[in-house]
Visitor: 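Below you'll find the structure I mean.
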Amino acid sequence: MFFATAVLCSSTNVFAQDVSLDNGWEYAWGDSPFNADGIPLWTQQDSLADWQSIAFPANPPARGAHHNVWFRITLPQQAFRDPVFYASSIDLLAEVYLDGTPIYKHGQFDQNGAGEFAGWPWHMITLPEDFAGKTLYFRVYSDYLSIGFWGERKLTERVDALKQIIEESLQGFIVAGVTIFIALMAAIFSLLKGQRRQFLNVCLFSLAAAGLVLGDIPAMKLIWDHPLLWNYIGAYAYFLLPIPMFMLLAEWLSKAGLEVRHFHWLWRAHFVFILIAGIGSVSGILALTQLYPAFDGMFIVSLVLLLVSVLLVFKRVRLEQKLLILAYFGFCAVLMLDMAVAHNWVSWSSVPVSSGALLFSIAIIGLSFNHYLSTQRRLAKLNVSLESKVIERTEQLSMMAKQEALRANGLLFRQEKVEIISDLIFELESCHTLEVGMEKIAKSIESICEPFFGVFHVMVEGEWQNVRSWGQATNTLAPNINKAIKPKINNEQGEFPFRVVNQQGSIRHVGLLQVQATEVLNGYPTLHFMKLLKRAVEKINITLANIALREELQRFSYEDELTGLKNRRFYSKVMGSEIAVVEKHQQPLSLLICDIDYFKNFNDTYGHPAGDEALKSLANLLSHFFHDGDIVCRLGGEEFVVVMPNVKSEDCLQKAEKLRAAVEKTQIAYEGNLLENITISIGISNWPELIEDPRQLFQQTDAALYQAKENGRNCIRVTEK
């Protein structure tokens with residue numbers, strides 16, 4: 001396409017020059033009716049529309065609630081070889097008719113004459129050779145602030161129009177290429193140690209400027225004819241521009257000791273706007289035409305606030321910061337002018353936004369590089385000064401070299417031990433039980449204490465056990481379990497208890513490390529190493545306390561707080577394991593589900609605290625009747641379940657009957673008063689006697705419980721084969 005375009009642009013127009021269509025326009029509000037052949041009647045009969053003259057075919061007076069308007073113009077007598085009608089832009093959708101014949105369409109009109117936004121491209125409308133004297137009609141729809149044409153309108157040769165598009169795009173391509181290059185350079189400089197945030201902001205601004213320019217280059221439509229895509233690229237690059245600009249101002253002015261919190265609030269506000277705009281446009285809630293006015297209003301308010309704040313401190317900042325402020329507001333002035341043209345506040349003209357973005361990028365990168373180079377120069381001078389001082393102190397440093405070497409060895413030794421300790425603590429954090437944690441400590445303790453000798457004891461069932469020892473036999477004795485153990489260190493040996501302190505403050509010893517010094521460490525005092533061990537054990541103890549807390553929380557997660565029985569979560573976990581065991585060994589498995597009869601009435605009569613006493617009373621009876629391998633859980637509310645491995649249905653039924661009778665006779669006391677006795681209904685099932693699939697135990701047992709309730713309650717029902 002570029003080759004063909006280049007050939008076209010290289011040719012010379014031998015026919016008429018371009019004809020600007022600045023006069024002779026008429027408009028009519030509303031939309032034309034169409035005949036059966038789809039021809040708009042307004043193009044056939046003048047009397048059907050209220051045609052009015054207009055100087056410029058845009059924003060006719062008395063718009064009101066109108067979203068549709070027609071424009072027309074009689075084409076002049078002019079000879080062209082390949083005639084086209086060229087327009088810079090039309091707000092928003094347009095269909096073009098030549099004496100009633102459709103010749104061009106931008107966007108898709110629905111039955112109501114409306115449609116979705118399709119972008120703001122230029123339009124090149126092909127005309128027949130005999131166009132002279134014919135009337136060109138434009139059917140336009142817009143729910144935007146503006147309606148109609150924007151920019152240039154003319155008759156021209158196709159080759160001249162393409163040539164104009166290419167010429168107008170050359171500067172944009174150059175600016176886009178330069179700004180992308182600046183972004184890459186800034187990204188490279190951000191990888192260096194100095195001024196990383198500043199160069200990242202420059203990179204972000206240059207990329208946004210490149211996107212703004214690319215979205216506005218006319219030739220992009222020739223590369224890929226998707227004007228809405230290019231409009232979105234340009235729009236969101238435009239919305240992004242203030243963020244790095246405000247961040248750059250905050251970065252530079254903060255170096256002058258100025259308060260820059262309001263700059264941060266401004267760029268965050270624009271960031272929120274981009275998020276809302278992106279989500280809204282993707283979801284279809286917001287259209288691009290709605291975002292521009294909102295952003296422009298927000299940008300104007302931001303500029304006013306910035307202008308006021310910057311003017312107050314302009315005299316106090318350095319020259320480079322003044323240059324930055326002037327460059328910033330210069331570029332903002334270009335954006336404001338472009339905004340004024342876009343909103344028809346001033347007459348149309350081509351605003352060099354791309355040039356402004358390029359100049360601002362060059363100014364920013366120049367100031368940043370200059371600041372970077374000046375910093376490097378200051379560092380170079382400082383290095384020269386330091387070198388001179390180093391030369392003066394060479395003799396002193398040579399005398400200190402041996403001491404520094406010893407110190408380095410000591411630090412290296414300490415760092416190695418700290419890394420081992422850190423790795424151990426990291427491993428401990430993944431442990432779920434203290435037992436596993438103590439095993440990990442036993443594996444790593446020797447590498448922590450070497451080259452010293454040592455013994456590591458672990459508390460097992462109330463007794464100390466020596467689980468790890470290294471080096472020569474020590475003179476330390478086994479610890480006394482009846483005596484409180486406290487950390488003890490000196491230059492020869494140390495004793496470090498591993499203990500867990502719960503939330504109530506009680507202490508439980510779980511391990512003991514006894515270390516004996518065997519040699520003088522190279523560059524690291526023995527007492528310092530003992531203190532290092534003491535701090536390490538203290539950190540490990542904190543981790544062990546967390547492990548113990550997780551164990552306790554795990555226990556609580558499987559326990560019903562009111563009754564002390566296991567809960568539904570525990571039942572769900574254990575039932576799967578029990579089914580797997582009985583299937584493997586072909587052993588019977590019985591299940592019993594019971595709940596309190598008319599428990600809601602009981603609660604309503606005596607209150608929920610009394611109901612809690614009834615639940616605890618039933619829980620105590622269940623714990624008394626079922627043990628030695630039976631698992632009792634509270635499913636929730638007044639419902640309980642008992643898992644009975646290796647128990648036949650007959651034995652389960654006998655126990656259930658004893659339980660039912662005991663519950664019926666049990667009196668419940670609450671606040672000194674005896675309440676009415678409760679009764680329970682029970683459902684029973686068994687595998688493999690009564691059902692074929694053990695995974696159906698719960699459903700079958702629950703169905704038996706339902707039958708018990710249906711048959712009058714206070715009774716037992718067994719699953720039928």
Side-chain angles (χ1 to χ4, degrees), residues 404-460 464-476 478-479 484-503 505 507-553:
E404 287 298 318
L406 290 174
R407 179 175 174 273
N409 290 335
L411 291 175
L412 180 60
F413 174 82
R414 182 183 184 279
Q415 183 62 29
E416 290 176 352
K417 298 301 181 183
V418 168
E419 290 179 358
I420 297 173
I421 294 168
S422 298
D423 291 341
L424 172 59
I425 293 176
F426 180 77
E427 292 182 9
L428 289 176
E429 288 175 348
S430 63
C431 295
H432 295 289
T433 64
L434 280 175
E435 182 180 357
V436 175
M438 297 307 294
E439 290 177 358
K440 290 186 180 294
I441 294 173
K443 291 179 181 179
S444 303
I445 198 67
E446 181 178 349
S447 59
I448 294 175
C449 298
E450 287 179 343
F452 291 174
F453 301 157
V455 180
F456 181 61
H457 304 274
V458 173
M459 179 69 71
V460 180
W464 289 107
Q465 289 188 6
N466 181 347
V467 297
R468 189 82 172 181
S469 60
W470 57 95
Q472 299 177 2
T474 64
N475 295 326
T476 56
I485 303 173
K486 297 181 179 180
K488 299 177 184 178
I489 59 173
N490 55 39
N491 285 323
E492 296 181 356
Q493 62 184 12
E495 192 170 78
F496 310 96
F498 291 83
R499 56 192 185 182
V500 175
V501 181
N502 63 19
Q503 293 182 333
I507 298 174
R508 175 161 62 102
H509 288 89
V510 294
L512 179 66
L513 171 64
Q514 295 173 314
V515 178
Q516 183 174 343
T518 57
E519 58 182 82
V520 177
L521 298 176
N522 186 15
Y524 198 70
T526 302
L527 184 59
H528 287 188
F529 180 61
M530 293 294 184
K531 292 180 178 179
L532 175 64
L533 286 179
K534 181 181 177 182
R535 291 193 294 270
V537 172
E538 290 173 351
K539 291 182 179 180
I540 292 173
N541 284 341
I542 294 174
T543 307
L544 292 177
N546 289 333
I547 296 174
L549 179 59
R550 285 200 298 271
E551 278 189 295
E552 187 72 8
L553 291 176

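Numbering starts at 1 and runs along the sequence shown.
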Visitor: Please report the interatomic distance CZ(Phe413) to CG(Leu532), rounded to the nearest 0.5 Å.
Guide: 8.0 Å
Visitor: Between Ile421 and Ala536, what is the shortest heavy-atom contact and its length?
Guide: CD1-CB, 3.3 Å
Visitor: Which pair of non-hydrogen atoms, one from Leu428 and one from Gly437, has the smallest distance, and what is that distance?
Guide: CD2-O, 3.4 Å
Visitor: Is there a side-chain contact between Met459 and Trp464, using heavy atoms and a 4.5 Å cut-off?
Guide: yes
Visitor: Could you tell me which residues satisfy ring-ring contact (aromatic ring centres under 6.0 Å, His included) with Phe498, sequence neighbours excluded, listed by chain and number?
Guide: Phe456
Visitor: Holding to side-chain contact (heavy atoms from CB on, under 4.5 Å), I want the full list of residues that pass it with Ile542, two or more places apart in sequence or in another chain.
Guide: Asn546
Visitor: Return a table of donor-acceptor pairs under 3.5 angstrom between the side chains of residues 442-449 and protein atoms on other chains or two or more places apart.
Guide:
unit_1	atom_1	unit_2	atom_2	d
Ser444	OG	Lys440	O	3.4
Glu446	OE1	Arg468	NH2	3.1
Ser447	OG	Ser444	O	2.7

Visitor: How close do Leu544 and Met438 get, counting heavy atoms only, and between which atoms?
Guide: CD1-SD, 4.2 Å
Visitor: Provide the full list of salt bridge (charged side-chain N to carboxylate O under 4.0 Å, His left out) pairs with a residue in residues 412-427, sequence neighbours left out, each pair given once.
Guide: none
Visitor: Going by atom types only, do Glu495 and Gln514 share a side-chain donor-acceptor pair under 3.5 Å?
Guide: yes
Visitor: Hey, is CD on Glu538 packed in by over 12 heavy atoms from elsewhere, all under 6.0 Å?
Guide: yes
Visitor: With sequence neighbours excluded, tell me which residues meet side-chain contact (heavy atoms from CB on, under 4.5 Å) with Glu429.
Guide: Ile425, Phe426, Thr543
Visitor: For the residue pair Val455 and Asn466, what are the closest heavy atoms and their distance?
Guide: CG1-ND2, 3.4 Å
Visitor: List the atom of Trp470, the atom of Phe452, and the distance in Å for their closest heavy-atom pair.
Guide: NE1-O, 2.9 Å
